Number of protein chains: 2
Amino acid sequence: MVKMSDVAKRANVSTATVSRVLSKEGYVSEETRNKVLKAIDVLGYTPNRLASNFRKSSSHTVLAIIPDITNPFFSEVVKGLEKVAAERGYHVLLGDTGNSLNVERDLMELVREQLADGVILATARVTNEEIEKLGRELPLVVACEYFDGISIPTVSIDNVVAAREATQYLIDCGHRRIALISGRFNIVLNRDRIRGYRQALEYSGLPVQESLIQEGDWTMESGMNAMSRILAMDQLPTAVFAASDEMAVGALKSLKAKGLRVPNDMSVMGFDDISLSEMVEPELSTVRQPKRELGELAIRMLLNIVEGKKLERTQVILPHRLMIRGSTAPPSPPHGGGR
Amino acid sequence: MVKMSDVAKRANVSTATVSRVLSKEGYVSEETRNKVLKAIDVLGYTPNRLASNFRKSSSHTVLAIIPDITNPFFSEVVKGLEKVAAERGYHVLLGDTGNSLNVERDLMELVREQLADGVILATARVTNEEIEKLGRELPLVVACEYFDGISIPTVSIDNVVAAREATQYLIDCGHRRIALISGRFNIVLNRDRIRGYRQALEYSGLPVQESLIQEGDWTMESGMNAMSRILAMDQLPTAVFAASDEMAVGALKSLKAKGLRVPNDMSVMGFDDISLSEMVEPELSTVRQPKRELGELAIRMLLNIVEGKKLERTQVILPHRLMIRGSTAPPSPPHGGGR
DNA sequence: ATTCGTTGTGTAATCGATTACAGGGACAGT
DNA sequence: ACTGTCCCTGTAATCGATTACACAACGAAT
């Protein structure tokens, strides 16, 4: 490997000068610069970034910790991260935890080892306190998840409001019995969505029936199962709100299997607005999260921290949007009913 | 930051000894080892991987170059990569080219700069010759794409055979006019699929009608458009084979919009078997690619090259599988027809 | 003429871990 | 007693780029 000293020798200058040419810092005469550039070209020199990073003790790399890269929601977030990172000359190390807490903890070590300058945490199995602690020790931004009263920089949507609006929309359509297919009860983000659902019902004076809240785990299968449980009830709801699009699609499948039509017999509302939601039939009404922007903003904040700049705001809430498509409609009047 | 020399001082040994304890190489007495471990613990020492990587001139990192992380096919491949990399103590740098040839070239530089020990190339906009050249200069494995007669290690499926079998299946169902929604004509992988389609028709003595081959660009929209063009023809086919699942779903949508039923009025076959294919209605018959295995094997090969081991085989073809689901069936007899 | 700021370049220390090499002690075999 | 092998440990060079510091040349300002 040809190194900087080889270039220096060839150009009859010192390595300091070569370094100055490369970094564009400090004074170098036009003439010397050309000599150096020529030598670099002739020798085919490529700087050794390992040496440079070591000396500058910065890897110019950030670590993206996500639960599962095959989840379209997260892959969109990562896409946003990657784009901005590249623009600012940083690289992204992929940390797919496969939902494992231990892997998550291990990955954080990479920052301590200086392999990454900072971390985007898009999953949060660790506790509130642990995150606070980590955030004090290393540059860290939490994306997508939101923790109440946390002091760590965070970017997310307002899950409570989003879920409330989605539920409210169904109520406004005329639905009075609305089921909820929720994610895991122990996830904060999911609890926020449940909260929003409850709030909407309460504001409208509708009863919250606990049996209408069925737990899933974000997957399509769990959505199917949850829907089946709901369909086995005596008094059916006229609408279902699922806390993820995958689960909503599962609900769709379950409904079709039982011969029920959407939205005629049952309205279905999803959450996230992944591309899938426009591919199913009928197209899914859902809550759009600005996935890419979530990633972009998270990494912008992180890089600002890394580079020692001040953040204007540490808790950023991005706007969501209701996407009304074909899977929701007013409830059909009961057979032989109407007024 | 506490460094190795601090640990050495505290434990009353040399840095060489500390290094030996950490690397588990060379002789260290049990007693000394404990002293060192204790000092490490007391001081809260974390090795500086930047220094270590520099000295060993290895980053223990591989670069995954993919066209688009939000494409579910590639995110599965990456998942496989990541898993095996982690198992073997490597990290994965994400290189999302956004389909740009220049970005692809820039990314390769990272290996020259020693930021990555090797590259998995899961997209190939660069030419055959360029890849050959790169492959001679740095550890490189091509995943998913296949180049005829290339000397670079490659892992992929046999796209020709896979497409032939899919088409053959449709023929065996009784279809005689089969349309093809292809990807971009200039992509090798796609040309292989077209070739397989042609072969199947020819083997069965069926005519290849060029107008039945419509170009798309892998996206759902392009699939819809291609299907619309096909449906505007005088003599309709009874089946369509799309070179990607997204395009097949687009075809599905286009058919539904025109009021045609699948598979009764038209059979639809996809390619890839991404999770989407089980979420649409009817579920998509498709060709399964072993996505995760593709990634796993590619990185295994790469790491073997990086670590100087010999590869048993440099060109690996993984098995594909026809997944027959609800979107394909024998053609309906023509109205008033049948014998 | 002196001082000062700007420009241009070189010398050499430095970042922190790894490792080649040397050396010493213990022990076995002859 | 001598030689050879293990063990165990330390000294110091090394990886390649960056950068603090020194210095020199030049022109402008006083």
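No experiment lies behind these values; they were computed from the predicted model shown. Note: hydrogens, waters and symmetry copies are ignored here, and every other heavy atom, side chains too, is used. Within every chain, numbering begins at 1; the chains are lettered A, B, ... in the order of the sequence lines, protein sequences first and strands thereafter.
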*Could you pull out all residues at least two apart from B:R20 that satisfy side chain to side chain donor-acceptor pair (under 3.5 Å)?*
none
*Can you list the residues that meet the side chain to side chain donor-acceptor pair (under 3.5 Å) rule with B:T70, with sequence neighbours excluded?*
B:D68
*A:L121 versus A:M108: any side-chain heavy-atom pair under 4.5 Å?*
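Yes; the side chains approach each other to less than 4.5 Å.
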Return the value, rounded to whole Å, for the distance between atom [atom1] of [X] and atom [atom2] of [N].
X	N	atom1	atom2	value
A:I40	D:dA17	CD1	P	10 Å
B:M4	D:dG10	CE	P	13 Å
B:R33	D:dC7	CZ	P	14 Å
A:L50	D:dT14	CG	C1'	15 Å
A:N53	D:dA17	CG	P	12 Å
B:Y27	C:dG25	OH	C1'	15 Å
A:D6	D:dC15	CG	C1'	14 Å
B:E25	D:dC8	CD	C1'	16 Å

Rounded at 0.5 Å granularity, tell me how far [atom1] in [X] sits from [atom2] in [Y].
X	Y	atom1	atom2	result
B:L94	A:I69	CG	CD1	6.5 Å
B:I131	B:I150	CD1	CD1	5.0 Å
A:L22	A:T17	CG	OG1	11.5 Å

Distance check: side-chain N/O of [X] vs OP1/OP2 of [N], anything under 4.0 Å?
X	N	value
A:S52	D:dT18	yes
A:T17	C:dG10	yes
A:S29	C:dT9	yes

*side chain to side chain donor-acceptor pair (under 3.5 Å), paired with A:N304, selected from A:R88, A:E312, A:K310*: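 The single option meeting the side chain to side chain donor-acceptor pair (under 3.5 Å) with A:N304 is A:R88.
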Which nucleotide, [options], lies nearest any side-chain atom of [X]?
X	options	answer
A:A16	D:dA17, C:dG8, C:dT11	C:dT11
A:S14	C:dT19, C:dG10, C:dA17	C:dG10
B:S19	C:dG10, C:dC15, C:dT19	C:dT19

_Sugar-phosphate, base or nothing in reach of A:V13, heavy atoms under 4.0 Å_ = sugar-phosphate
*Quick one: label A:S23 by what it contacts on the DNA or RNA (base, sugar-phosphate, nothing), any heavy atom closer than 4.0 Å.*
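Since no nucleic acid heavy atom lies under 4.0 Å of A:S23, the category is nothing.
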*Indicate yes or no: does A:K133 engage A:E129 in a salt bridge with an N to O separation below 4.0 Å.*
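Judged by the 4.0 Å cut-off on N to carboxylate O distance, A:K133 and A:E129 do not form a salt bridge.
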*asked:* Let me check the geometry of the helix from C:dA1-D:dT30 to C:dT30-D:dA1. What is the bend angle between the axes at its two ends, five pairs each, to 10°?
replied: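 About 50° separates the two local helix axes.
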*Which residue lies more 5' along DNA chain C, comparing A:E31 with A:T15 via nearest heavy atoms*: A:E31
*Does B:F54 or B:R20 map to a spot on DNA chain C nearer the 5' end, using the closest nucleotide for each?*
B:F54
